[in-house]
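Notes to accompany the following structure.
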Protein chains: 4
Amino acid sequence: MGRKQAIIESATRLFAQKGFAETSTAEIAEDAGVAHGTLFYHFKNKRGIIHEIFSIAGEVYLRSLKKVLCRQATGMAKIEALIRFNENYSRDHIQQIRIFQRFFPDPADDCDPEKMLLDSLKQQVMSLIKESLETGVCDGSIASVDIDKTAAVIHSLIFGITHMNLMESADTPKLTQGAIAFCRRALTPGGQDCQTV
Amino acid sequence: MGRKQAIIESATRLFAQKGFAETSTAEIAEDAGVAHGTLFYHFKNKRGIIHEIFSIAGEVYLRSLKKVLCRQATGMAKIEALIRFNENYSRDHIQQIRIFQRFFPDPADDCDPEKMLLDSLKQQVMSLIKESLETGVCDGSIASVDIDKTAAVIHSLIFGITHMNLMESADTPKLTQGAIAFCRRALTPGGQDCQTV
Amino acid sequence: MGRKQAIIESATRLFAQKGFAETSTAEIAEDAGVAHGTLFYHFKNKRGIIHEIFSIAGEVYLRSLKKVLCRQATGMAKIEALIRFNENYSRDHIQQIRIFQRFFPDPADDCDPEKMLLDSLKQQVMSLIKESLETGVCDGSIASVDIDKTAAVIHSLIFGITHMNLMESADTPKLTQGAIAFCRRALTPGGQDCQTV
Amino acid sequence: MGRKQAIIESATRLFAQKGFAETSTAEIAEDAGVAHGTLFYHFKNKRGIIHEIFSIAGEVYLRSLKKVLCRQATGMAKIEALIRFNENYSRDHIQQIRIFQRFFPDPADDCDPEKMLLDSLKQQVMSLIKESLETGVCDGSIASVDIDKTAAVIHSLIFGITHMNLMESADTPKLTQGAIAFCRRALTPGGQDCQTV
DNA sequence: GATGAATGAGATTTCATTCAT
DNA sequence: GATGAATGAAATCTCATTCAT
């Protein structure tokens with residue numbers, strides 16, 4: 001593994017655990033087993049490190065999510081898969097997810113490059129949720145709801161669930177199952193055919 | 001207004017805007033119009049400031065929430081009021097809420113006093129949600145669902161909504177209506193008797 | 001007990017335990033159970049406190065020592081009594097003695113008032129030792145030695161013994177007995193007339 | 001001379017002159033002609049500086065003392081050489097010796113690393129004194145005395161003499177001659193067989 | 001006589017970044 | 001490509017002292 005990769009991995013672990021401001025560049029260098037100066041050979045500055053982590057992690061997440069969604073037959077199945085995917089993904093990539101969840105920029109600052117990255121990521125996730133809902137409405141697996149509002153709600157729900165899961169140490173209280181049931185009740189059309197798992 | 005109160009207010013504003021680590025004590029002192037040393041006369045250290053903000057804000061939030069909930073006639077009304085309350089409260093107390101949402105301790109650290117405060121707060125909110133659901137099941141306004149799981153889902157949803165609202169500057173707050181509609185569909189006792197697993 | 005006395009006692013204990021610079025005025029005030037400001041009502045400043053401790057402790061020490069010495073019949077008995085007195089006194093007044101032993105001014109600074117106090121104290125002790133030696137030489141209990149040099153040696157010995165005793169926590173390894181035996185051998189007019197330089 | 005060495009030398013001078021607590025790290029840095037931050041690159045913290053001074057000075061002192069002692073023919077000569085060595089050494093290494101003499105830790109604190117260093121140094125000096133006495137008893141240059149007690153007395157005496165010498169600016173160092181005479185009288189095997197109590 | 005809130009100067013320490021090698 | 005010694009700015013915190021009450 002190259003030095004740059006080692007730095008990224010150490011930084012990811014440390015930022016996830018302690019936060020960006022609370023992690024020093026010296027600490028990252030030591031953890032990565034490289035000289036302190038090496039950090040600034042590979043990255044413009046400390047922000048440059050988290051920027052790279054952000055953009056890589058965002059891409060990987062999106063690609064994986066898309067792959068999962070397109071495998072599903074119905075719109076409702078996509079929604080369920082989305083919720084399940086999020087649980088699995090944040091279990092397997094705890095550190096990246098934790099960095100995302102920790103990130104909380106000044107909403108007034110429109111120039112923050114990380115904020116822009118994250119905003120674009122969010123918008124793409126929102127689009128995927130909307131597409132899933134539309135698919136569901138078409139194929140009859142989802143009741144005819146307001147697509148935009150519902151997508152925003154589901155997006156919030158997923159974010160909230162992920163956050164709760166990360167706050168607990170590891171016991172992961174099957175929030176996912178409850179969330180799927182909840183969504184199915186909310187979305188299933190009609191005299192409704194409330195299927196549970 | 002006493003100096004201590006001025007410090008708390010300045011710190012609240014600055015922590016909300018820039019984050020705890022990114023705000024210096026000198027900055028707080030200057031904003032509050034007191035000498036730098038005065039901070040440490042009134043608070044043991046920088047953490048002491050945020051601790052006080054946390055405990056006060058937590059109490060106020062809980063008290064207000066309880067007052068709103070007990071005014072509602074049915075369980076379903078309580079759930080809706082909860083969602084609406086959260087929107088209003090986080091609009092009127094943006095700074096406190098932002099500090100709460102920013103807070104992301106190391107889950108491994110069980111001694112963090114702020115974490116403990118927050119955990120206790122979360123548990124009390126969870127209890128209120130459960131009570132509301134139980135009331136709803138009794139009075140027939142809510143379908144018979146798994147109380148614990150559903151409460152956890154609603155809690156996550158509220159957290160997520162609040163977060164999304166805070167991330168946008170102020171323009172897109174209509175998440176609340178969508179969330180209420182979503183929950184109503186999920187919880188209203190339909191023709192069906194929707195059992196969760 | 002008046003507030004001033006309480007301050008002196010707390011300061012004595014704390015200075016002895018941790019040293020002058022390492023003890024804060026706030027700490028003294030708290031230990032004494034008075035307000036912080038009260039210290040500066042009774043004393044000009046922090047130095048003023050240790051100055052008072054010094055002068056009182058010096059006087060008490062000297063008075064006690066004189067009382068003990070004048071009770072002895074012979075010069076040799078005075079020397080032995082001096083050594084024994086030092087052990088007893090530093091056991092019973094550990095804190096004062098520790099403050100004295102800790103004190104180590106810049107030898108270049110001739111204006112230090114504490115240094116002057118201590119110098120005067122030392123000189124008076126030296127005089128008492130010389131008087132004892134002279135008495136001993138007259139009454140035949142002590143060999144004819146160089147009074148000045150011998151007094152200086154005994155003075156150093158006593159200081160060293162006291163220091164060693166204070167450095168050990170409490171086990172006090174009967175240095176005193178050994179010292180008395182040592183001095184007796186050195187001073188008793190022997191078969192030999194061991195004159196030196 | 002490297003920066004680290006410059007820091008050590010400046011710190012030694014300043015600690016000796018004004019004391020550890022009374023010397024600021026900024027002062028040391030300025031005196032050494034390095035940036036303030038450089039201190040903390042080379043040393044963990046302020047204590048780290050004095051720790052290094054202590055351990056180097058202790059080693060040098062012991063090595064020099066051993067070299068001097070093993071050159072002496074008889075036990076009594078060793079004792080005399082020890083006293084003389086101490087005068088010379090503390091004249092030539094005033095600063096290091098002054099730092100040692102100033103050091104006065106809380107005797108209750110058993111973890112103080114400087115205290116441990118000093119305790120080990122003291123014990124080694126004690127061993128050398130005992131060996132010298134034993135040699136002297138064997139070769140007949142020293143009367144048969146209680147080795148342990150006598151060693152402790154001589155150790156205290158040396159400490160006391162050094163202290164007195166350091167307290168005076170530089171003018172009155174003739175303590176050494178008196179001390180040698182005193183010890184010779186106390187230790188030379190005379191007509192009498194002076195038993196300790 | 002006594003208090004304690006307030007201060008400002010200064011202490012120690014951290015840390016991102018630079019740069020000569 | 002990589003290093004690590006060095007830096008200086010800034011951060012947190014301490015503390016003797018003052019002063020209005």
Side-chain angles (χ1 to χ4, degrees), chain A residues 2-4 6-7 11 20-30 32-50, chain B residues 2-4 6-7 20-30 32-49, chain C residues 2-4 6-7 11 20-30 32-50, chain D residues 2-4 6-7 20-30 32-49:
Chain A
R3 281 172 168 78
K4 187 172 181 181
I7 292 168
F20 179 75
E22 290 78 6
T23 303
S24 77
T25 51
E27 216 173 343
I28 298 169
E30 202 200 339
V34 303
H36 196 179
T38 306
L39 258 68
F40 297 87
Y41 175 75
H42 288 290
F43 301 90
K44 189 174 173 298
N45 51 28
K46 195 185 175 189
R47 280 216 101 171
I49 304 174
I50 207 173
Chain B
R3 280 169 168 82
K4 186 171 181 182
I7 292 169
F20 178 75
E22 290 77 8
T23 303
S24 79
T25 49
E27 221 171 341
I28 297 170
E30 202 197 342
V34 303
H36 194 180
T38 306
L39 258 69
F40 298 91
Y41 176 72
H42 288 290
F43 302 92
K44 194 177 170 300
N45 51 30
K46 196 185 174 188
R47 285 210 85 168
I49 304 175
Chain C
R3 281 170 167 81
K4 187 173 181 181
I7 292 169
F20 178 75
E22 290 78 7
T23 302
S24 76
T25 50
E27 217 172 344
I28 297 169
E30 202 199 341
V34 302
H36 196 180
T38 306
L39 258 67
F40 297 87
Y41 175 74
H42 289 289
F43 301 91
K44 190 175 172 295
N45 51 27
K46 196 185 176 189
R47 279 216 101 174
I49 304 175
I50 206 172
Chain D
R3 280 170 169 79
K4 186 173 182 183
I7 292 169
F20 179 75
E22 290 78 7
T23 304
S24 79
T25 50
E27 221 171 341
I28 298 170
E30 202 198 343
V34 302
H36 196 178
T38 305
L39 257 69
F40 298 90
Y41 176 72
H42 289 290
F43 302 91
K44 194 177 170 302
N45 50 28
K46 196 186 174 188
R47 284 209 86 169
I49 304 175

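In this text the structure is predicted, and so the values were computed from the model without any measurement. Chain identifiers are assigned alphabetically (A, B, ...) following the order of the sequence lines, protein sequences preceding nucleic acid strands; residue numbering begins at 1 within each chain.
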- prompt: Are OP1 or OP2 of E:dA16 and a side-chain N or O of A:Thr25 less than 4.0 angstrom apart?
  reply: yes
- prompt: E:dT18 C1' sits how many Å from A:Lys46 NZ, rounded?
  reply: 17 Å
message: Restricting to non-hydrogen atoms, name the atom on C:Ala21 and the atom on D:Glu22 that form the minimum distance, rounded to 0.1 Å.
response: CB-OE2, 3.5 Å
- prompt: What residues, two or more places apart in sequence or in another chain, satisfy side-chain hydrogen bond (donor to acceptor under 3.5 Å, both in side chains) together with C:His42?
  reply: none
statement: Correct closest heavy-atom pair for B:Arg3 and B:Thr38 would be CD-CG2, 4.2 Å
message: Distance check needed: F:dT17 C1' versus C:Ile49 CD1, whole Å only.
response: 12 Å
message: Testing the basics here: between A:Lys46 and A:Thr23, what is the closest heavy-atom pair and its distance to 0.1 Å?
response: NZ-O, 2.7 Å
statement: Side-chain contact check for C:Ser24: nearest option of F:dT12, F:dA2, F:dA16 is F:dA16
- prompt: In whole Å, what is the span from the OH atom of A:Tyr41 to the P atom of E:dT21?
  reply: 19 Å
field: Most 5' of A:Ala26 and D:Ala26 on DNA chain E, judged by nearest nucleotide
entry: D:Ala26
statement: Result for 5'-nearest mapping on DNA chain E, choosing between D:Phe20 and C:Thr38, is C:Thr38
- prompt: Out of F:dA2, F:dT3, E:dT3, which nucleotide sits closest to the side chain of C:Ala35?
  reply: E:dT3
statement: Taken to the nearest whole Å, CD1/D:Ile7 to P/E:dT13 is 14 Å
- prompt: CD1 of C:Ile28 versus P of F:dT17: gap in Å, rounded?
  reply: 11 Å
query: How about A:Lys4 and A:Phe43: do any of their side-chain heavy atoms sit closer than 4.5 Å?
result: yes
task: Any chance you could encode DNA chain E as dot-bracket? Rule is Watson-Crick or G-U wobble with both distances under 3.5 Å; [ ] for pairs crossing earlier ones, | for another strand.
output: .||||||||||||||||||||
Which residue lies more 5' along DNA chain F, comparing D:Gly2 with C:Thr23 via nearest heavy atoms: D:Gly2
- request: Taking all heavy atoms of C:Ile28 and all of C:Ile7, pick out the closest pair and write down the distance.
  value: CG2-O, 4.0 Å
Spacing of B:His36 atom NE2 relative to E:dA11 atom P, expressed in whole Å: 16 Å
task: List the atom of D:Ala6, the atom of D:Ala32, and the distance in Å for their closest heavy-atom pair.
output: O-CB, 3.7 Å
message: Rounding to an integer number of Å, can you tell me how far A:Phe40 CZ sits from E:dC15 P?
response: 12 Å
- request: Would you kindly give the CG-to-P distance between C:Leu39 and F:dT18, to the nearest whole Å?
  value: 13 Å
message: Measuring to OP1 and OP2 of E:dA16, would you say a side-chain N or O of A:Arg47 lies under 4.0 angstrom away?
response: no
task: Ignoring backbone atoms, test whether A:Arg3 places a side-chain nitrogen or oxygen under 4.0 Å from the OP1 or OP2 oxygen of F:dG1.
output: no
